[in-house]
Every structure is written in structure tokens, then in C-alpha cells.
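In what follows, a structure is listed as C-alpha cells, so that the remarks can point back to it.
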Amino acid sequence: MDEGHSVIGKPTPRVDGIEKASGKAIYTNDLILPGMLHGKILRSPYPHAKIIRIDTAKAEKLKGVTAIITGQDAPKIKYGFTMAAAPESADQYLLARDKVNYIGDDVAAVAAIEEDVAQEALDLIEVDYERLPALFNIPEATKPDAPLIHEEYPGNISAKSGMEFGNVEEGFGESDYIREDRFVTQSVQHCSMETHVSVVNYETSGKVTLWTSTQSPFIIKRLLSRVLGIQEKDVRVIKPCIGGAFGGKTELLPLDVCAALLSKKSGKPVKIVYTREEEFTASRRRHPMEIVLKIGVKRDGRIMSRAAKIMLDGGAYSSLGQPAAFLTTLFLTLPYRQANIRFESYRVYTNNSPSGAMRGYGAPQVQLASEVQMDMVAEELGMDPVALRIRNGLRAGETTLSGLKMTSGSLEECVQKVATDSEWSKKYKNLQPFKGIGLSSVGFMSGSSLSPLGPFTASSSILIKANTDGTVIIFSGASEIGQGSDTVLCQIVAEELGIGMEDIKITLPDTDLTPPDTISASSRVTFMAGNAAKRAAFNLKQKLFKAVAEKLEANVNDLEARNKRIYIKGSPEKGVAFAESVAICQMSQKGMTIIGEGSYNPDPGPLDIHKGSGNYSPAYTFGAVVAEVEVDRDTGKVEVNKLSFCHDCGRVINLLGVEGQLEGAVSMGVGYAFYEDLIVKDGNTLNPGFLDYKMPTVLEIPEIKSVIVESNDPGGPFGAKESGEGAVSPVAPAILNAIYNATRIRLTDLPVTPEKLLRELEKANTISK
Amino acid sequence: MEKKIVKIKVNGDWHEALVKQNMTLLEFIREELNLTGTKEACDEGECGACTLIMDGRSVNSCLVPIMEANGKEITTIEGLAKGQDLHPLQKAFIENGALQCGFCTPGMIMSSKALLDNNPKPTEAEIKGAIAGNICRCTGYNMIVEAVKMAAEPKS
């Protein structure tokens with residue numbers, strides 16, 4: 001779908017490619033400031049305990065130690081990611097004051113001239129604890145007599161969410177077939193290759209500058225000022241190059257606060273780098289869940305009723321748990337038309353490491369349940385799984401029961417394409433024993449209309465400065481975290497202004513210099529910052545057109561910007577070079593800098609998060625995956641021979657970027673299905689390193705066949721929507737469904753290990769296909 | 001701890017330094033020489049982000065004690081481009097979308113370079129074998145394999 005675009009839709013190499021490929025890109029850990037110290041954090045060895053006494057005297061005497069802080073050095077202000085919008089969610093002292101709530105909880109921090117010295121000092125800090133009874137799973141934590149992890153939260157319920165539309169019981173009454181199943185998902189971690197790093201310079205004047213590995217600099221700015229009890233204007237956050245985030249770099253974390261307090265105390269800049277072990281045990285992880293899902297369908301497959309109860313193991317703190325509880329219910333409203341629904345979710349505190357946001361943010365867990373159950377339903381009804389998905393799939397023009405408005409695309413198109421591509425009809429039920437094929441669908445959002453900062457803040461803004469040499473600089477607060485958003489924003493501006501990618505520079509987000517952008521999360525950047533960039537470029541273009549029109553004595557509406565020129569439509573020779581147009585415009589405005597400005601804020605209409613009603617995103621995407629597997633009956637090992645997937649990402653801005661995002665999402669989905677599992681025993685993470693926590697290497701990746709369905713979203717920049725986050729969810733259920741097709745063994749929990757499958761195979765003993 | 005003098009040739013230049021003996025080659029490269037292109041991601045030799053080439057072989061520099069590198073010849077990611085002219089592998093990674101966040105990229109390129117230096121026309125299986133110790137969390141690897149293929153068969 002070219003439509004005469006010069007840049008949009010073309011496979012475009014990344015704008016940061018040369019720096020990254022040559023090793024010159026500067027990540028936070030590459031920064032060195034004059035006099036910089038190195039910080040380390042002392043962590044709790046106990047899952048739940050009172051802090052009786054902390055003695056830092058011995059550590060202070062160690063040569064090279066410059067500053068030590070404990071919870072008493074920090075203002076008595078609790079932190080919570082959503083504290084700006086919902087103050088009651090604040091439940092964590094980022095440096096523990098009187099009590100620790102998980103193994104790894106932050107107790108004290110040291111700054112020293114070298115990291116080794118800081119580490120040695122940690123061993124010299126004496127802490128007396130009084131152990132408290134600890135809760136390691138949802139059943140323990142929800143017992144009526146269970147001790148409370150946070151006094152303010154009765155029943156250890158950290159957050160709950162629910163939505164009910166229609167009459168679920170009536171729906172089940174009208175159903176021809178009803179079933180209820182329980183699904184369990186494990187705990188996994190983002191495993192960004194770059195661990196969290198923060199470098200903080202707390203100046204004597206009271207101004208604080210952070211260089212931190214974040215996907216949300218403007219949120220970090222606000223939350224850090226809150227927990228330090230200082231004014232927002234005194235905090236400046238700069239986001240260097242980021243080595244992957246996947247939702248794990250959304251929050252203010254103890255390292256930011258500790259580095260700031262240590263810098264304040266020592267008068268020198270302080271760097272703290274999380275080790276891989278800290279990343280696994282003391283940052284955040286994906287919520288493990290137990291999902292009980294009940295479905296009622298008509299004989300023709302129509303979904304009459306669905307009810308779900310979802311329990312989330314939130315770990316010790318709220319983190320991003322409030323939105324997670326809500327989103328599990330919201331994502332169950334996609335991608336199917338449902339006549340009646342009732343979904344409820346409970347996020348439970350335990351003394352495990354805190355759970356937060358991770359790619360898909362609630363979707364991979366509930367869509368596993370939804371998609372495996374759809375496969376069970378198809379089997380029971382004697383219906384082809386493809387037909388069942390198409391029967392119920394949402395499409396453009398529809399509004400769901402809770403109020404989500406489908407603006408473009410359809411599930412049917414994705415399912416049809418992936419079925420054709422994988423030769424589904426030829427293979428389904430016609431494969432050799434122990435070979436199987438399985439399908440799964442997904443629906444996802446293109447950016448959330450909710451903001452953790454409160455109302456009117458879910459926005460993106462862009463400024464573009466035009467230079468008289470024909471180049472422009474984009475000032476953007478949107479965080480490039482590897483997903484390719486800087487390239488997309490440059491492409492959009494290049495297209496709108498008719499200039500080349502080589503004519504554009506884009507800044508790093510810097511809360512003092514760039515206009516605000518809420519966050520790089522919920523698949524929002526291409527849609528929201530992309531719209532802002534398009535509007536800013538349009539705004540700039542209009543200023544240039546006005547000046548050029550005067551000079552050419554032409555009508556503004558007759559002008560066109562293309563091929564680095566601004567000219568009268570149809571007569572490219574009647575015009576000026578883009579560079580000249582900037583000079584003309586600047587002259588006409590007495591030397592003023594020529595700036596284009598644009599912003600985007602979704603207009604969702606009324607939202608009631610307590611009822612779950614409203615339209616939470618400006619656009620939605622659809623996708624489908626077919627997995628083809630072969631099971632080794634002697635070892636239980638599953639070989640994925642091919643994964644075909646189809647994703648509707650609206651209009652493609654950068655083909656190279658979209659394919660890369662989708663293939664990466666599939667890889668993460670394969671890891672979720674087979675390998676990744678944080679093994680936690682009594683609050684202890686037993687595999688906190690890459691040696692024991694296994695992720696896919698190149699050898700584990702099956703053949704991937706991707707089909708991109710292009711729709712033209714009316715609200716997206718050039719019609720674009722989300723890609724890459726939605727695609728992570730359908731992989732694991734497609735694999736489970738394929739394993740069933742191969743073996744008649746129905747797995748309902750993750751991950752699928754050879755041991756687990758072999759045990760089931762032995763139990764089933766005889767397998768008939 | 002007693003310090004010792006080491007002499008190491010890095011990207012064509014000899015460097016002499018007085019170092020703690022428990023230092024790793026990775027620390028030497030990043031902290032003594034400020035060549036920050038080489039990355040640390042796991043510190044236990046499991047992810048390959050710190051890969052560089054020592055005497056013609058790819059090594060995880062986080063596992064190499066500094067004294068073992070004494071007298072050796074090292075190439076890091078910074079040693080690949082000739083001025084502004086990128087190495088064919090670097091160009092291929094950029095053109096094929098073989099990098100996203102970029103954190104595994106230096107290690108991935110160095111593993112690939114060690115392969116191509118010793119085996120200019122590798123099979124796909126040989127390429128996969130060469131980068132099997134390098135974890136990439138972003139790309140799903142396909143584009144990386146394509147990039148190495150492209151660099152191995154430069155268009156004439």
C-alpha cells in the first residue's frame with residue numbers, strides 16, 4: 001500500500017544503527033562523571049521481618065567508603081507507581097524503614113570509590129531482624145487468619161478489579177455447551193540485556209540530574225520528586241541509549257532513589273548498576289496467575305457467556321499491580337464478541353519479589369487461558385478451531401460490551417491468512433502421530449488512554465526545529481528502548497515534510513529540554529507520539545508554505561513538499577528548495593527560529609475503571625498464530641517446526657521494524673512456552689542467573705513465517721497501529737494446542753517441560769490420534 | 001592485592017597497565033581503556049554480550065582473567081571500522097534489521113567476525129553454532145542470521 005509515499009512503508013534501517021553496530025552508542029553504564037562514586041545496595045536475606053537495628057559503624061570506617069544511607073535517611077514517603085493518580089496505591093519505602101517484605105528488599109546503600117569497596121562495606125553493615133511469618137503463595141496469603149503484609153490492605157488484597165456486562169447466568173442458561181477450566185502461569189523476567197543502571201548527580205544547589213535506564217523519564221521525574229519531597233522543577237531526567245526494557249524499566253526503583261540520596265550525602269555523582277542477580281530477585285517480574293475461566297457457547301460456536309476469576313501473585317509491593325489487575329479483565333474482552341461477561345481479578349500480596357509490568361501486561365496470561373479453552377470448545381463442538389475463531393472474532397465497526405471501539409481490521413482476516421499460509425485445512429487432523437498443529441488468536445490495544453500520572457496526561461508532544469541548511473531536529477520525549485520508535489518518528493516527519501531521513505536528527509528524551517511524553521508502554525509510541533510528530537511536521541510545513549506562497553505569489557493550498565523542495569503541485573520547477581523555504585520563513589519572521597509543534601491526547605470519552613466500562617485505547621490490533629510441532633514420545637521433548645503468524649498492525653511505517661518486533665515477540669513467546677520459569681521456594685529465587693534461567697538462543701527458534709495484514713486505521717498516523725506487544729501472547733497457547741493435536745494431552749499450565757509432558761504421556765499410556 | 005604490569009595489544013595498539021590480578025579482561029577493556037562498546041550483561045559467560053576476539057578466537061571477556069590476556073592480541077567492536085568505513089558485518093547488521101536495543105550487538109558481531117575470519121563461507125548451521133552463545137532478547141535471531149549470511153557473501 002504505497003500510495004506514493006517516499007519513506008512510509010519502506011524497510012528503513014534504524015537511525016541509531018551505525019552507533020549501535022560500531023559500539024559507539026552510549027548506554028547509562030558507559031557514562032563516567034568527574035569524581036563519580038559507585039553504589040551498592042544491601043538486601044534483606046529474609047522474606048518477612050522487622051528491622052530491629054542497623055549498625056553502619058564498621059562499614060563507615062572502611063577505607064574508600066564515602067556515604068552510607070538507610071531508610072532513616074530518606075523522607076518518610078511511600079512510593080507506588082500509580083501514586084500520582086491513586087495515592088492509596090503507595091505501599092513501598094524504596095529503602096525499607098522498619099520492615100522488610102521479601103528476600104531482596106532494599107535495606108541500606110553504600111557509595112564508595114570503587115564497586116568492590118562498596119560491596120565489601122555491605123558485608124560490614126550489621127542488621128538485626130526479627131522474623132515474621134511469611135506468605136509464599138495465594139492460598140496462604142488469602143486465608144482469613146493470614147498475617148497482613150501491609151496493614152492498610154485487609155486480606156492481603158493489593159488490588160481488585162471487576163467488570164460485568166449483560167447477564168452471565170442467563171447467558172449460560174442459553175448455552176448448549178458449558179465448560180470451566182483452570183489455568184496456571186509461571187513467573188518470568190524481562191531479561192533485558194542491559195540491567196538497570198542509574199547515574200545521579202545531586203548538586204549542592206538542590207538540583208538533581210538522573211541518567212537512568214528507563215522507558216518513562218517523565219514519570220521518573222514526577223515520582224522521584226514525590227518520594228524525595230522536592231519540587232519537580234529540581235529533577236531532570238535524561239534517558240541515554242537503553243538496552244531493552246520490555247516493561248521492566250517503567251518504574252522508579254530503589255537504585256534511582258539510593259543513588260540520589262548517596263549523591264546528596266557525598267556531594268559527588270553516584271552510579272548504581274544492578275547485577276543480573278539483582279535484576280532477577282530485586283527488580284520486577286511478570287505476574288504469575290491462576291485463572292479460572294468458564295465459557296458457554298451455542299452449538300454453532302457463538303459465545304453466549306464468559307466468566308473468569310483471576311488471581312495474581314503480586315509479590316511484596318503494589319508496583320504496577322493496580323493496572324495489571326484491571327488489564328487482565330480488559331484483555332479478556334478481546335478479540336471475541338461475547339454476549340455476557342463477568343470477569344473479576346484479585347492481586348494478592350505475598351512475600352515473593354514484586355510483580356510488575358512485562359510485555360503484554362496481563363494479556364499473555366489470560367489469553368493463554370482463553371485460547372486453550374477455545375481449542376477445547378472447538379473439539380467438543382466438533383468445529384474447526386479456525387471456524388470457531390472466525391465465528392466470534394471482532395471486526396472494525398463493532399463496539400464490545402464494555403465499550404471498546406474497533407476502528408480497523410478484523411480477526412477473521414488474520415485467522416484466514418494464517419490458516420492459508422500454514423495449509424491448516426490440509427494438515428489439521430491429518431498429521432502423522434505425534435505431529436500436531438495448533439491455532440491461537442489475539443487482540444491488543446494501540447496505547448492506553450489511562451495515565452499513571454492522572455487525567456489529562458496520557459499525551460505525547462513533539463517539537464521540530466527547522467534549520468536553514470534544510471535539516472530539522474525532532475525534540476521528542478518518547479523513549480526509544482530498542483523497539484525502533486525514533487526511526488518511526490523520523491520517517492513520519494520525513495514523509496510529511498518531503499525531506500530525507502538523512503536530513504533529520506532526533507534528541508534523547510530530557511525532561512528539561514524535550515516536550516513531555518507519558519511513557520513508552522502499552523504499545524503507544526507509534527500511534528500517539530507518531531500522531532504528535534505528524535501534527536508537528538504539518539504545523540511546521542504550514543509555516544513554511546505561508547512564507548513560500550508569499551514569495552511565489554501562490555496559494556498556500558496549491559503547495560506541496562516533496563523531494564526536498566516546496567513547489568506548486570504539478571509544477572515542481574515552480575518552487576524553492578526546502579532549505580531555502582526555511583530561510584525565507586525565518587527572514588519573514590525577523591529571524592525567529594522556525595518551530596513546528598504537535599501533540600496527541602486520546603479522546604476516550606467517559607471511562608469508569610471501577611466498572612471496566614469505556615474505550616481504553618484509540619485503536620486495537622488483531623493477530624493469529626499457527627504452531628506446528630513434533631513431540632518425541634520417548635523424551636517428552638517438543639520440536640516446533642514452524643510458527644506462522646499474522647498481525648494486523650494498521651499501515652506499516654517501517655517494514656524492517658515491524659518484522660523485527662514481531663519476530664522478537666515470537667521468540668519471547670517461545671521462551672514463555674518452554675523454557676522460562678523463575679523457580680521460587682520459600683521466597684527464594686533459585687535460578688537468578690542466565691546459567692539456570694533459560695531463554696531461547698538462536699538454536700531454539702523455529703522457522704518463523706510472518707504475514708502482515710495492513711489495515712488503515714482512521715486515527716493512526718498514516719493509518720498505523722501497534723506491533724510487537726500483542727504478538728507475544730498467542731504463541732504459547734498455539735503451541736499448547738498443537739501439542740494437544742499431536743498427543744491428545746491437554747496442558748493448562750506453563751512452561752511445557754519435557755519432564756511434564758513425558759509424565760503426562762506415560763499417564764495416558766496409549767495414544768490414539 | 002598485589003598489582004602486576006600487563007601488556008596487551010588492543011585494536012592494533014599495545015597498552016601497558018598496572019592492574020589488580022583479579023581483574024577480568026572485560027573490566028580492563030571497559031574501565032582501563034574506556035572501550036565501552038564491549039558490554040556486560042550476565043558476568044558469568046552465559047550471554048555473550050562481552051564477546052571480543054583474543055588471538056583470533058572469540059572469548060567471553062568476563063571470564064578471562066587479565067593475566068591470561070597478557071601479551072595477547074585483542075580486537076573489540078571499536079576495532080572493526082576503518083575510520084568512517086564500517087566493517088561488512090556492521091553494514092549487514094544495520095541493513096538487515098539485525099539489531100534493536102543494540103546491547104547484544106557488539107558481542108554478536110564479534111562472534112560472527114571470529115566465524116567469518118576462520119570460515120568465510122559458513123553454512124546456516126555453522127552461523128547458528130557460532131552465535132549460539134550470544135543471547136538477543138529483541139530480534140528473534142532470524143535477521144541476525146541473515147545479516148551474517150549477507151556479510152559472508154558480499155555482493156560483487
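Residue numbering restarts at 1 for every chain, and letters A, B, ... go by the order of the sequence lines. No hydrogens, no waters, no symmetry mates; every other heavy atom, side chains included, goes into these values.
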Which class fits the ring pair Phe103(B) and Tyr27(A): parallel under 30°, tilted 30 to 60°, perpendicular over 60°?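 The rings of Phe103(B) and Tyr27(A) stand perpendicular, inter-plane angle above 60°.
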
Report the option among [options] that has the most heavy-atom pairs separated by less than 4.5 Å from atoms of chain B.
| options | value |
| --- | --- |
| Met695(A), Glu700(A), Glu194(A) | Glu194(A) |
| Asn29(A), Thr12(A), Leu662(A) | Asn29(A) |
| Pro13(A), Gly660(A), Gly657(A), Gly244(A) | Gly660(A) |
| Ala25(A), Gly671(A), Gly724(A), Pro696(A) | Pro696(A) |
| Arg276(A), Met193(A), Gln483(A) | Met193(A) |
| Ala245(A), Ser192(A), Gly243(A) | Gly243(A) |

Region of [X] that comes under 4.5 Å of a non-hydrogen atom in chain A:
| X | result |
| --- | --- |
| Ile109(B) | side chain |
| Asn34(B) | side chain |
| Thr139(B) | backbone |
| Ala81(B) | neither |
| Lys128(B) | both |

To the nearest 0.5 Å, how far apart are OG in Ser485(A) and CD in Glu480(A)?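 So the gap between those two atoms works out to 4.0 Å.
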
Nearest-0.5 Å distance that lies between atom OG in Ser61(B) and atom CG in Leu26(B):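 So the OG of Ser61(B) and the CG of Leu26(B) are separated by 4.0 Å.
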
Please lay out, stage by stage, how Lys705(A) and Asp421(A) fare under the test salt bridge (charged side-chain N to carboxylate O under 4.0 Å, His left out). CA-CA 8 Å; Lys705(A) 173 82 202 268; Asp421(A) 196 67; 3.4 Å; yes

Contacting region of [X] [heavy-atom separation from chain B under 4.5 Å]:
| X | value |
| --- | --- |
| Glu277(A) | neither |
| Ile32(A) | side chain |
| Asn654(A) | neither |
| Glu659(A) | both |
| Ser22(A) | both |
| Leu656(A) | both |
| Ile704(A) | both |

Assess Arg14(A) against Phe93(B): is NZ or CZ under 6.0 Å from the centre of the six-membered ring, and within 45 degrees of the ring's axis?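 That pair does not qualify as a cation-pi contact.
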
Would you say the side-chain atoms of Gln661(A) and Gln100(B) include a donor-acceptor pair closer than 3.5 Å?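 There is such a pair (donor and acceptor under 3.5 Å, judged by atom type) between the side chains of Gln661(A) and Gln100(B).
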
Regarding Gln215(A) and Ser520(A), is there a side-chain donor-to-acceptor distance under 3.5 Å anywhere?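 No pair is found: no donor N or O on one side chain lies under 3.5 Å from an acceptor on the other.
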
Using the rule given for side-chain contact (heavy atoms from CB on, under 4.5 Å), can you reason through Ile735(A) versus Phe674(A), listing the C-alpha separation, both sets of side-chain angles and the distance that settles it, and then say yes or no? CA-CA 9 Å; Ile735(A) 288 169; Phe674(A) 289 117; 3.4 Å; yes

Check the surroundings of atom CD in Gln21(B): do more than 12 heavy atoms from other residues, nucleotides or ligands lie under 6.0 Å from it?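 Yes.
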
Report the option among [options] that has the most heavy-atom pairs separated by less than 4.5 Å from atoms of chain A.
| options | result |
| --- | --- |
| His87(B), Lys91(B), Glu44(B) | Glu44(B) |
| Gly79(B), Pro106(B), Ala132(B) | Ala132(B) |
| Thr105(B), Leu80(B), Ile135(B), Leu35(B) | Ile135(B) |

Among Arg359(A), Arg284(A), Glu279(A), Lys249(A), exactly one meets side chain to side chain contact (heavy atoms under 4.5 Å, CB included) together with His190(A). Which residue is that?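 Between His190(A) and the candidates, side chain to side chain contact (heavy atoms under 4.5 Å, CB included) is satisfied uniquely by Arg284(A).
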
Of all heavy-atom pairs between Thr24(B) and Cys62(B), which one has the smallest distance, and what is that distance?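 Reported closest heavy-atom pair: CG2-O, 3.5 Å.
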
Salt bridge (charged side-chain N to carboxylate O under 4.0 Å, His left out) evaluation trace for Asp677(A) with Lys694(A): CA-CA 8 Å; Asp677(A) 188 7; Lys694(A) 292 298 183 194; over 6 Å; no

Among Thr38(B), Thr51(B), Asn11(B), Thr36(B), which residue meets the side-chain hydrogen bond (donor to acceptor under 3.5 Å, both in side chains) test with Thr76(B)?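 Option passing the side-chain hydrogen bond (donor to acceptor under 3.5 Å, both in side chains) with Thr76(B): Asn11(B).
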
